[in-house]
**Student:** 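Take this structure first; my questions come after.
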Amino acid sequence: SSTRQELLQMASSNEAYKTEILGLRGMLDTLAQPIWLRDKDGHLNWVNEAYAFAVEATDASDVIARQIEFLDYGNRNEAAETTKSGEVFQRRFPAVVLGQRRIFDVVETPVDIGALGYAADVTDLETVRSDLVRHMANHVGTLDQLPTAVAIFDERQRLTFCNLAYRKLWQLTDAFVDSHPTDSEVLDCLRDARRLPEQADYRSWKERCLRLIDQLKHRKLLGICPEGERYVL
């Protein structure tokens, strides 16, 4: 009777685990991201409906039967090597889904039975980022044509951009500009290069300058970006 009771408890636990797994798989099937599970040999042993849709398979069973891969050969091998070493594989790369080129962030992480992976479609995000980079490049080109020196500092008072006229005015090197100095460091650089008027008390003079900049920012007499995080000199 003791053995029978133990078997009944195991059967009950098995049913509970089965119900839990089916519930989790049902939930994963509602997600729009392709999700897959591999065994230790790298073979697909479960995928969600979004995966089957992405690879144009009939259903998840068709994917498993034909081992239809979402990842290309190179990324699949790299992912296998990474997960076998106990590390998480993460890459952003393009893939063709239903005849359209899309950009995906792919993650595959090692688990006890093999590896679990998913792919998040970031095409819209990448498009916005590319548009922003293009617009920024256009703005930089426009500002570089201005004869007026322009510098943009962020909320930490670090130089994020200056146009060609600003560099020429103060004879700043590319290395110094690329280090994103603070407005205080810019003043120090100009003083060391003897491009500022000599001051009996340079520290007090610099503090007054920085205080004045801060006051002008608050009084909106300096150009302030809409989000209020940058100011333009």
**Student:** Give a yes or no answer on whether the side chain of Asn48 reaches the backbone of Gln33 with a donor-acceptor pair at less than 3.5 Å.
**Tutor:** yes
**Student:** Heavy atoms only: give me the nearest Ala52-Ala60 pair and the separation to one decimal.
**Tutor:** CB-N, 3.9 Å
**Student:** Does Pro110 have any side chain to side chain contact (heavy atoms under 4.5 Å, CB included) partners at least two apart in sequence or in another chain, and if so, which?
**Tutor:** Thr83, Val88
**Student:** Group every Ile, Leu, Val, Met, Phe, Trp and Tyr by side-chain heavy-atom contacts under 4.5 Å, then state whether Val55 and Leu31 land in the same group.
**Tutor:** no
**Student:** How many angstroms lie between CG in Leu44 and CD in Gln67, if you round to the nearest 0.5 Å?
**Tutor:** 4.5 Å
**Student:** Does the pair Arg167 and Asp174 meet the rule for a side-chain contact (heavy atoms from CB on, under 4.5 Å), with working shown?
**Tutor:** CA-CA 8 Å; Arg167 295 180 189 230; Asp174 291 343; 2.6 Å; yes
**Student:** Is there a donor-acceptor contact under 3.5 Å from the side chain of Asp29 to the main chain of Glu49?
**Tutor:** yes
**Student:** Under the ring-ring contact (aromatic ring centres under 6.0 Å, His included) definition, can you give me all pairs with a residue in residues 33-59, not counting sequence neighbours?
**Tutor:** Trp36-Tyr51
**Student:** Give me the atom names and distance for the closest heavy-atom approach of Ala32 to Ala50.
**Tutor:** O-CB, 3.4 Å
**Student:** Calculate, to the nearest 0.5 Å, the distance between atoms CG and CD1 belonging to Leu143 and Ile152 respectively.
**Tutor:** 6.0 Å
**Student:** Of all the heavy-atom pairs spanning Ala193 and Arg195, show the shortest one and how long it is.
**Tutor:** CB-NH1, 3.1 Å
**Student:** If the test is side-chain contact (heavy atoms from CB on, under 4.5 Å), which one of Leu187, Asp183, Leu196 qualifies with Cys209?
**Tutor:** Leu187
**Student:** Quick check: is Leu169 connected to Phe153 through a chain of hydrophobic side chains (ILVMFWY, heavy atoms under 4.5 Å apart)?
**Tutor:** yes
**Student:** Are Phe93 and Ile68 connected in a single hydrophobic cluster, I mean Ile/Leu/Val/Met/Phe/Trp/Tyr linked by side-chain heavy atoms less than 4.5 Å apart?
**Tutor:** yes
**Student:** For Asp112, give me all partners under side-chain hydrogen bond (donor to acceptor under 3.5 Å, both in side chains), at least two apart in sequence or on another chain.
**Tutor:** none
**Student:** Could you tell me the separation between the CG atom of Leu210 and the CD atom of Gln157, rounded to the nearest 0.5 Å?
**Tutor:** 7.0 Å
**Student:** Just verifying a value: how many Å separate Leu37 CG and Asn45 CG, rounded to the nearest 0.5 Å?
**Tutor:** 4.5 Å
**Student:** Is the backbone N or O of Gly114 less than 3.5 Å from a side-chain atom of Asp39, with the two atoms forming a donor-acceptor pair by type?
**Tutor:** no
**Student:** Flag the pair Cys189 / Phe176 as yes when at least one side-chain heavy-atom distance between them is below 4.5 Å, and no otherwise.
**Tutor:** yes
**Student:** When you measure from the side chain of Arg158 to the backbone N and O of His180, does any donor-acceptor pair fall under 3.5 Å?
**Tutor:** yes
**Student:** I want to check something: taking the side chain as every heavy atom from C-beta on, are Asp188 and Tyr202 in contact at a cut-off of under 4.5 Å?
**Tutor:** yes
**Student:** Among residues at least two apart in sequence or on other chains, which ones pass side-chain hydrogen bond (donor to acceptor under 3.5 Å, both in side chains) with Asn75?
**Tutor:** Asp72
**Student:** With no hydrogens and no angle check, is any side-chain donor or acceptor of Asn163 less than 3.5 Å from a backbone partner on Thr148?
**Tutor:** yes
**Student:** Do Val107 and Phe89 have side chains that approach each other closer than 4.5 Å (heavy atoms only, starting at C-beta)?
**Tutor:** no
**Student:** Could you tell me whether the side chain of Leu159 reaches within less than 4.5 Å of the side chain of Thr182, counting heavy atoms only?
**Tutor:** no
**Student:** Are Val47 and Pro34 close enough that some pair of their side-chain heavy atoms sits under 4.5 Å apart?
**Tutor:** no
**Student:** Return yes when atom OH of Tyr118 has more than 12 non-hydrogen atoms of other residues, nucleotides or ligands closer than 6.0 Å, and no otherwise.
**Tutor:** no
**Student:** Do Lys206 and Ser184 pass the side-chain contact (heavy atoms from CB on, under 4.5 Å) test, and can you show the C-alpha distance, the side-chain angles, and the key distance before you say yes or no?
**Tutor:** CA-CA 8 Å; Lys206 185 175 76 168; Ser184 175; 2.9 Å; yes
**Student:** Compare every heavy atom of Pro147 with every heavy atom of Ala165, then report the nearest pair and how far apart it is.
**Tutor:** CB-O, 3.6 Å
**Student:** Throw together a table of side-chain donor-acceptor distances under 3.5 angstrom for residues 97-104, partners on residues two or more places apart or in other chains.
**Tutor:**
residue : atom : partner : partner atom : Å
Arg102  : NE   : Asp121  : OD2          : 3.0
Arg102  : NE   : Thr123  : OG1          : 3.4
Arg102  : NH2  : Asp121  : OD2          : 3.2

**Student:** Just how far is it from atom CZ of Arg66 to atom OG of Ser61, taken to the nearest 0.5 Å?
**Tutor:** 12.0 Å
**Student:** Do Leu146 and Leu164 have side chains that get closer than 4.5 Å, going by heavy atoms?
**Tutor:** no
**Student:** Got a salt bridge between Glu108 and Arg76, using NZ or NE/NH1/NH2 to carboxylate O under 4.0 Å?
**Tutor:** no
**Student:** For residues Val177 and Cys162, determine if any side-chain heavy atom of one lies less than 4.5 Å from a side-chain heavy atom of the other.
**Tutor:** yes
**Student:** For Asp105, give me all partners under side-chain hydrogen bond (donor to acceptor under 3.5 Å, both in side chains), at least two apart in sequence or on another chain.
**Tutor:** Arg92
**Student:** Is Tyr166 close to Leu172 at the side-chain level, that is, under 4.5 Å between some pair of heavy atoms?
**Tutor:** yes
